[in-house]
Novice: 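The following block contains the structure, expressed as structure tokens.
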Amino acid sequence: LTGLFMYRDEPAGEASARAFLGDFDQGTADFENCTGSYRFRAVYPDGRELRFCDNAGVMRWYIRENICPFTEDNCPPPQRHSFCTSLAEAVPEDRAPDYASIAQFLYFGCIYGTGTIFRGVRRSAPEKYYVIENGLLTEKDKNLKPLEDLELHGDALEEQMSRFSKAVGGGAAACTITGGTDSRNILSHMLHEGMRPLLDITGASGHVDVVIARKIAGRLDMELLWVSDDMEGGDWIDKAVQAADGMTGVCGIYRLNKKARALKERGVLMECGSIAGEFYKNDFIHFDY
């Protein structure tokens, strides 16, 4: 289990994983109640494997189709499919390009769907889970509700943030704070739940978001981690390329990766914040999101 996994009202991590697997083996698992940002893998004593990623597709498996000289019925181990945690790890030997995905990447700055720049390598679908048995891969539907059918109400975010706070306990957390109302809303909920996160912001020192973040931190008497978006050292491009992993723009990911590394140095591996507010403003320039 990599990342933050919460199931129902269980504590995050192992307790949630064990509760989910108990339900899964009974046929009563509810993927709707799997929240967080994670990659999940379970290996059974008989060698059968279960794999899936979070419902938002923030973290994914990369599935590589292994070329096998045998017929499909007689293909021995290794399995015909390999699951990897990065595109760099999953690069096929022939490096055959997927031109449709490459064109999409060049036009939008990212790739939508499950494709990658290589034929024979795809990302796991957020709405699917995968069972590997006797070398055979089977995709199954999580039966998630369509977004338009979700029954949300005015207290939905408050309930989810309360659930998150209880699930992670006193774990070290950060909260991105900007001049926007979205991030301040998330911070308000964290404070309401008794959490005191490390505040963080990226950008130039005089940028309006950074200026407002400093005012908010001062008003709340909370620490602010400011990470400059200036390029660092001669290997900054290598760090950005590795973080982008062939799936998003190098320049757009650089400052976010720099912030993530700064948080990790502080011992903070969990960050809250807002995202996609641009969609509500019809701002389709920020394709990285």
Side-chain angles (χ1 to χ4, degrees), residues 2-4 6 12-13 35-38 54 56 58-59 157-233 235-240 242-244 248-281 283 285-289:
T2 304
L4 175 67
M6 299 180 292
T35 55
S37 175
Y38 56 84
D54 60 75
V58 177
M59 297 181 72
L157 180 58
E158 182 179 359
E159 291 178 1
Q160 178 62 16
M161 292 301 294
S162 177
R163 177 187 175 205
F164 164 73
S165 174
K166 293 173 183 175
V168 302
C175 182
T176 296
I177 190 70
T178 68
T181 56
D182 300 346
S183 61
R184 283 183 283 175
N185 190 9
I186 296 297
L187 175 59
S188 297
H189 280 285
M190 295 182 77
L191 295 175
H192 179 70
E193 293 297 330
M195 303 182 73
R196 295 285 292 182
L198 170 67
L199 306 183
D200 63 59
I201 183 69
T202 65
S205 179
H207 190 280
V208 61
D209 279 344
V210 177
V211 172
I212 293 176
R214 288 192 176 116
K215 290 181 179 179
I216 293 173
R219 181 70 61 87
L220 297 174
D221 192 24
M222 296 177 68
E223 182 182 0
L224 174 68
L225 174 65
W226 167 63
V227 180
S228 168
D229 57 2
D230 292 340
M231 292 180 293
E232 53 179 350
D235 62 343
W236 74 270
I237 189 69
D238 295 325
K239 294 176 181 176
Q242 184 178 16
T248 188
V250 171
C251 294
I253 202 70
Y254 174 71
R255 66 182 182 87
L256 299 177
N257 177 251
K258 186 177 179 182
K259 180 180 67 173
R261 287 186 282 111
L263 288 172
K264 186 176 181 180
E265 290 175 0
R266 296 286 298 270
V268 178
L269 301 179
M270 181 169 52
E271 182 187 40
C272 293
S274 63
I275 195 167
E278 288 77 10
F279 292 135
Y280 293 102
K281 307 163 191 168
D283 181 359
I285 297 174
H286 296 87
F287 291 111
D288 289 16
Y289 302 128

Novice: Residues two or more places apart in sequence or in another chain: which of them pass side-chain contact (heavy atoms from CB on, under 4.5 Å) with D235?
Specialist: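 Partners of D235 by the side-chain contact (heavy atoms from CB on, under 4.5 Å) criterion, ordered by chain and then number, come out as D238, K239.
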Novice: Applying side-chain hydrogen bond (donor to acceptor under 3.5 Å, both in side chains), can you list everything that pairs with S228, at least two apart in sequence or on another chain?
Specialist: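 With sequence neighbours excluded, S228 shows a side-chain hydrogen bond (donor to acceptor under 3.5 Å, both in side chains) to D230, given in chain and number order.
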Novice: State which residues pass ring-ring contact (aromatic ring centres under 6.0 Å, His included) with F164; sequence neighbours excluded, sorted by chain then number.
Specialist: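 F164 satisfies ring-ring contact (aromatic ring centres under 6.0 Å, His included) with no other residue.
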Novice: Under the side-chain contact (heavy atoms from CB on, under 4.5 Å) test, which residues partner V58, sequence neighbours left out?
Specialist: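 Listed in chain order: S37, D54, A56.
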Novice: Considering residues at least two apart in sequence or located in another chain, which fulfil the ring-ring contact (aromatic ring centres under 6.0 Å, His included) criterion with W226?
Specialist: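 Partners of W226 by the ring-ring contact (aromatic ring centres under 6.0 Å, His included) criterion come out as none, since no residue qualifies.
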Novice: Do any side-chain atoms of residues 197-207 form donor-acceptor pairs under 3.5 angstrom with protein atoms, and if so which ones, sequence neighbours left out?
Specialist:
{"from": "D200", "atom 1": "OD1", "to": "T176", "atom 2": "OG1", "distance (Å)": "2.8"}
{"from": "T202", "atom 1": "OG1", "to": "R255", "atom 2": "NH1", "distance (Å)": "2.4"}
{"from": "H207", "atom 1": "ND1", "to": "D209", "atom 2": "N", "distance (Å)": "3.0"}

Novice: Can you sort out the partners of E159 under side-chain contact (heavy atoms from CB on, under 4.5 Å), two or more places apart, ordered by chain and number?
Specialist: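 Checked E159 against side-chain contact (heavy atoms from CB on, under 4.5 Å); matches are H153, D155.
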Novice: Any side-chain heavy-atom pair from E265 and L225 closer than 4.5 angstrom?
Specialist: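 Not touching, per the 4.5 Å side-chain cut-off.
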Novice: How close do A12 and L4 get, heavy atom to heavy atom, and via which atoms?
Specialist: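 Nearest pair, atom of A12 first, then L4: CB-CD1, 3.7 Å.
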Novice: By the salt bridge (Lys or Arg N to Asp or Glu O under 4.0 Å) test, which pairs, at least two apart or in different chains, include something from residues 183-197?
Specialist: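 Counting only pairs at least two positions apart or across chains, no salt bridge (Lys or Arg N to Asp or Glu O under 4.0 Å) contact touches residues 183-197.
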Novice: Which residues pass the salt bridge (Lys or Arg N to Asp or Glu O under 4.0 Å) test with E158, sequence neighbours left out?
Specialist: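 Partners of E158 by the salt bridge (Lys or Arg N to Asp or Glu O under 4.0 Å) criterion come out as none, since no residue qualifies.
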Novice: Not counting sequence neighbours, which residues clear side-chain contact (heavy atoms from CB on, under 4.5 Å) with A260? List them please.
Specialist: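 Partners of A260 under the side-chain contact (heavy atoms from CB on, under 4.5 Å) test: none.
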Novice: Taking salt bridge (Lys or Arg N to Asp or Glu O under 4.0 Å) as the test, write out the residues that go with R261, two or more places apart.
Specialist: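 R261: salt bridge (Lys or Arg N to Asp or Glu O under 4.0 Å) contacts with E232.
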